[in-house]
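Each remark here refers to the structure printed beneath this line.
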Amino acid sequence: MKLQYIDENDKCYGITGMAIGVTIFDADEIVSAISLDSESGESIEFSPEYYFNGNPRLSAKVSWNHILKHFEVSMGMLLGNVLCRSHVLNNAVLDNDTRKQLLELIEEEGRDTCQLEDDEIENMFNRHYNYLYRVFNHAGVQRVAHDFASTLKDCRRMSRGEMIDKLRALQMY
């Protein structure tokens with residue numbers, strides 16, 4: 001599987017996977033809107049809370065934990081994107097080369113943003129990957145993903161509130 005989108009339907013399921021990932025990681029407050037018509041790297045519009053400008057009154061530990069949480073959410077969105085496209089849209093298993101490519105991207109980001117060691121990043125990656133693998137292979141979640149992708153394809157853009165309403169069914173699973 002390639003990381004780039006091959007068509008609009010593939011992009012729609014990628015955005016769906018990111019929306020589910022951000023919801024699963026209980027971080028939907030960082031999203032302002034999602035758009036199918038945006039450039040690939042700009043499909044998710046983040047709220048100001050997502051961007052960390054630093055605060056000298058916060059301890060280094062609090063700041064680092066904030067950055068780490070956003071790193072994990074970003075990882076969840078990336079994995080959600082690829083796993084939704086692979087498992088839900090294409091009904092296929094993610095190949096080892098793509099998984100390795102994802103890990104390399106995430107390791108680079110983890111080293112740069114959080115100063116994590118590769119073994120720490122790999123453990124975190126494996127934990128999140130295994131969890132999201134089970135999520136996107138669940139029949140109920142797949143139904144929600146198909147419904148969400150269909151709605152997104154029709155309306156082209158969703159606000160945070162619309163996204164949350166459409167993904168509310170995930171709470172049952």
Inset, instruction - For Leu89 and Asn9, run side-chain contact (heavy atoms from CB on, under 4.5 Å): C-alpha distance rounded to whole Å, both residues' side-chain angles, the deciding distance at 0.1 Å, then the answer. - result: CA-CA 9 Å; Leu89 176 61; Asn9 201 40; 3.3 Å; yes
Legend entry - side-chain contact (heavy atoms from CB on, under 4.5 Å) between Val22 and Met18, intermediate numbers included: CA-CA 6 Å; Val22 85; Met18 289 189 289; over 6 Å; no
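Nearest heavy atoms, Cys84 versus Gly17: CB-CA, 3.5 Å. Pairing each heavy atom of Ile20 with each of Ala145, the nearest pair is CD1-CB, 3.9 Å. Heavy atoms only, all atoms of each residue included: Leu3 and Arg85 are closest at O-NH1, 3.3 Å. Across all their heavy atoms, Asp10 and Asp7 have their closest contact at N-OD1, 2.7 Å. The two atoms that bring Gly140 and His138 nearest to each other are N-ND1, 2.9 Å, heavy atoms only. Looking at every heavy atom in both residues, Lys69 comes nearest to Asp26 through NZ-O, 4.1 Å.
Tested against Leu152, the residues Met163, Glu162, Met158 include a single side-chain contact (heavy atoms from CB on, under 4.5 Å) partner, Met158. With Leu102 as the partner, the side-chain contact (heavy atoms from CB on, under 4.5 Å) test is satisfied by one option alone out of Val82, Asp97, Leu83: Val82.
Two residues are said to be in side-chain contact when any heavy atoms from C-beta on lie closer than 4.5 Å; Arg134 and Asn137 fail this criterion. Residues Ser32 and Phe46 fail the side-chain proximity criterion, which asks for heavy atoms closer than 4.5 Å. Counting heavy atoms from C-beta outward, Tyr13 and Asn90 have side chains that stay 4.5 Å or more apart. Between Glu72 and Leu68, some side-chain heavy-atom pair lies under the 4.5 Å cut-off. Put simply, the side chain of Leu170 reaches to within 4.5 Å of the side chain of Thr23, judged on heavy atoms. Within the 4.5 Å cutoff, no side-chain heavy atoms of Gln115 are placed close to those of Arg111. When side chains are defined from C-beta on, Ser43 counts as touching Lys11, because their heavy atoms get closer than 4.5 Å. You'll find the side chain of Tyr131 reaches within 4.5 Å of the side chain of Ile24, heavy atoms only.
Here Arg156 pairs with Glu8 in a salt bridge; the nearest charged N to carboxylate O distance falls below 4.0 Å. A salt bridge does not link Lys166 with Asp147: every distance from a Lys NZ or Arg NE/NH1/NH2 to an Asp or Glu carboxylate oxygen is 4.0 Å or more. In this structure, Arg168 pairs ionically with Asp165, as a charged nitrogen and a carboxylate oxygen lie closer than 4.0 Å. At a threshold of 4.0 Å, the pair Arg99-Glu104 does not count as salt-bridged, since none of the basic side-chain nitrogens sits closer than that to a carboxylate oxygen. Using a 4.0 Å cut-off between a side-chain N of Lys or Arg and a carboxylate O of Asp or Glu, Asp28 and Arg160 qualify as a salt bridge.
The backbone N or O of Ala92 lies less than 3.5 Å from a partner atom in the side chain of His87, making a donor-acceptor pair. Judged purely by atom type and a 3.5 angstrom limit, Glu107 has no side-chain atom pairing as donor or acceptor with the backbone of Glu122. When atom types are taken as modelled, the side chain of Thr16 and the backbone of Phe148 share no donor-acceptor pair closer than 3.5 angstrom. Counting only distance, with no hydrogens or angles, the side chain of Ser63 and the backbone of Ser59 share a donor-acceptor pair below 3.5 Å.
Not counting sequence neighbours, Arg143 has no partner by the side chain to side chain donor-acceptor pair (under 3.5 Å) test.
The distance from atom CZ of Phe71 to atom CG of Asp112, rounded to the nearest 0.5 Å, is 10.0 Å. Atom-to-atom distance recorded for Phe125:CZ and Asp119:CG is 15.0 Å, nearest 0.5 angstrom. With values rounded to the nearest 0.5 angstrom, Asn126 atom CG is found 7.0 Å from Leu103 atom CG. Here the straight-line distance linking atom OG1 of Thr113 with atom CD of Glu108 works out to 10.5 Å at 0.5 Å rounding. If you take OG1 on Thr151 and NZ on Lys153, they are separated by 12.0 Å, rounding to the nearest 0.5 Å. With values rounded to the nearest 0.5 angstrom, Ser159 atom OG is found 9.0 Å from Ile34 atom CD1.
In Asp154, the CG atom is crowded: over 12 heavy atoms of neighbouring residues, nucleotides or ligands sit closer than 6.0 Å. Other residues, nucleotides and ligands contribute at most 12 non-hydrogen atoms within 6.0 Å of the CD atom of Glu117.
Residue Val73 is grouped with residue Trp64 when hydrophobic side chains (ILVMFWY) are merged at heavy-atom distances under 4.5 angstrom, including chains of intermediate members. Both Tyr129 and Leu105 belong to a common hydrophobic cluster when Ile, Leu, Val, Met, Phe, Trp and Tyr are linked at side-chain heavy-atom distances under 4.5 angstrom.
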